[in-house]
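Computed over heavy atoms, backbone and side chain alike; hydrogens, waters and symmetry mates excluded. One-based numbering, in listed order, for ligands and for the atoms of each.
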Amino acid sequence: MRSYFIRTFGCQMNKHDSERMAGLLEGAGFAPAKSIESADVIVFNTCCVRETADERLYGQVCSLKALKTGGRPDVIIAVGGCVGQRDGASVLKHAPHVDVVFGTHNIHELPSLLEAAERGRPAVSIVGAGESFSSDLPYVREHAWHAWVSIMVGCDNHCAYCVVPSVRGPERSRTVEEIVAEVSHLVADGVVEVTLLGQNVNSYGRDRYGEPRFAALLEAVAATGIRRIRFATSHPKDLSDETIAAMAALPALMPFLHLPVQHGSNRVLAAMNRRYTRETYFQRIAALRAAIPDIALSTDIIVGFPGETEEDFLETLDLVGRVAFDHAFTFIYSPREGTPAASLTETVPREVAQDRFDRLAALVHSLSLASNEREVGAVCECLIEGASRRDAAVLSARTPQNRLVHLPLPDGTSPDSLAGTFRQVRISAAHPWFLSGEFAE
Ligand code: SF4
């Protein structure tokens, strides 16, 4: 049987798209390969949101040239996802040994493109948004107990630095009925946690129903009996009181929210076209904490956006300290071709941006550690995810607030037998990025 290997870059949407690619490939008779070197088909599911992911992709694709010239000429290399959508046939100029290029809107064509490539020619197919919707494709879940569920694709927001609207297209929502039917099927199949996915889930339904229906969707999904519901990603300007009320009222909704703020200065937020102010962001945080006192909050922050002054940056530090995020993902701005911000000339020197990044990272580190230290001694229900990536004798689990907990594997058990189960865990120690715990039962 021919085998496949998929390497995924980027966000949760891409991870879910990779599960769909795996579903299509297994439907076409392929089996998962043990390693990239042994696969007959290698698929790169790409991301162009950050420069580093873009560079890593081309580095890894080019390194496979030796595989094809050194005894495996029949191996097929495919590049899909955001870079495929953006670059199309020009991927072949960077990497002529690539056999297949496809985009974000035509994942379903992957098997036929591989067939075309096997007939001995590069196969390139990129279609525009709206020509297909991949949600109904078969997929192979990474975990039996968890599923990503796509509720919408695309984004209408046009943040100045972001390529997503150009590679994923405008917002298109699935119906409530389709989503509920999928989650019901997953519950019957043993899934205990779903993550609802969209670039801007808070505006779910606006394109289809004329107004956002995210709160109603959460209620409908919770009624399926699923134990845990998470979602990503939220936009602060669209986070409604109704959604906050639904999060507070529905026990399946986990007390955790990733709410990207991106910057603390109103001047920079306006230049980024984020369409909210720091004051409205503070107001949303206050509403969340009033409704859900135990909620944990994470965010994304960019430093070094063109025109950012030291005063602007100090406003970011101030906002981060005042919100006291439990976790934050921090980035140095890099221009992405074709975005409005790419033409801004008032760039921040690299060493200045790096210095600001380091100061922000130190603050985020101390806030994360303080947040985790507050958990020591608590007992909470954790969902066991399986063996830790680094140590097979250690279990990984998640608290309701999405904190990662490491636990010793009980004697005589295997990580797989515990994955997907809920256990009471006592938190015994805090570290900056995870907690240590022990079974409380
Ligand atoms: S909300 Fe902004 S940052 Fe997020 S996907 Fe849409 S355009 Fe990009």
Side-chain angles (χ1 to χ4, degrees), residues 9-17 45-54 81-83 85-86 103-105 128-130 133-135 148 150-174 195-207 212 214 230-240 243 257-266 268-278 280-281 284 297-306 308 316 319 328-344:
F9 297 80
C11 65
Q12 293 152 326
M13 299 284 275
N14 263 20
K15 286 184 188 161
H16 189 31
D17 282 348
N45 185 16
T46 63
C47 170
C48 59
V49 169
R50 311 223 176 266
E51 195 176 21
T52 43
D54 218 339
C82 297
V83 172
Q85 187 72 31
R86 183 195 65 188
T104 51
H105 305 295
F133 195 90
S134 61
S135 302
W148 311 104
S150 174
I151 64 169
M152 62 194 297
V153 292
C155 184
D156 291 346
N157 279 323
H158 301 284
C159 300
Y161 51 82
C162 182
V163 293
V164 166
S166 68
V167 291
R168 294 273 180 182
E171 290 176 4
R172 286 173 297 143
S173 303
R174 298 171 76 195
T195 305
L196 308 179
L197 291 179
Q199 253 87 32
N200 180 14
V201 292
N202 303 119
S203 65
Y204 164 79
R206 186 157 48 199
D207 57 302
F214 188 54
R230 301 187 185 277
F231 55 84
T233 298
S234 294
H235 194 300
K237 77 175 170 50
D238 294 316
L239 177 63
S240 67
T243 294
L257 186 66
H258 181 68
L259 193 62
V261 65
Q262 306 297 7
H263 211 278
S265 151
N266 285 339
V268 178
L269 286 172
M272 289 176 162
N273 193 31
R274 290 290 289 174
R275 294 191 281 163
Y276 54 83
T277 62
R278 57 188 273 125
T280 51
Y281 191 87
R284 292 291 77 193
L297 296 164
S298 71
T299 196
D300 294 333
I301 305 163
I302 297 171
V303 299
F305 190 77
E308 179 191 72
T316 291
L319 182 144
F329 298 92
T330 53
F331 307 93
I332 295 179
Y333 169 77
S334 63
R336 307 313 288 138
E337 202 181 318
T339 61
S343 58
L344 297 176

Task: Results of ring-ring contact (aromatic ring centres under 6.0 Å, His included) for Tyr161 - residues two or more places apart only - done: none
Open item on the list: I need the protein N, O or S atoms closer than 2.8 Å to atom 8 (Fe) of ligand 1, given as residue plus atom name.
Closed with: Cys162 SG
TODO: Please could you name the atoms of ligand 1 that His235 approaches to less than 4.0 Å, counting only its heavy atoms?
DONE: 1 (S)
Open item on the list: For Glu171 and Ser203: C-alpha separation, side-chain torsions, deciding distance, then whether side-chain hydrogen bond (donor to acceptor under 3.5 Å, both in side chains) applies.
Closed with: CA-CA 9 Å; Glu171 290 176 4; Ser203 65; 3.0 Å; yes
Open item on the list: Please confirm whether Arg274 approaches ligand 1 to less than 4.0 Å, judged on its heavy atoms.
Closed with: yes
Open item on the list: Could you check whether any side-chain heavy atom of Arg274 comes within less than 4.5 Å of a side-chain heavy atom of Cys159, counting everything from C-beta outward?
Closed with: yes
TODO: Mind checking ring-ring contact (aromatic ring centres under 6.0 Å, His included) for Tyr281 and listing every partner two or more places apart, or none if nothing turns up?
DONE: none
Open item on the list: Just to verify, what does Arg278 make a salt bridge (Lys or Arg N to Asp or Glu O under 4.0 Å) with, not counting sequence neighbours?
Closed with: Glu315, Asp318
Open item on the list: Among Asn202, Asn157, Thr280, exactly one meets side-chain hydrogen bond (donor to acceptor under 3.5 Å, both in side chains) together with Lys237. Which residue is that?
Closed with: Asn157
Open item on the list: I'd like to know if Asp156 and Arg206 make a salt bridge, using a cut-off of under 4.0 Å between side-chain N and carboxylate O.
Closed with: no
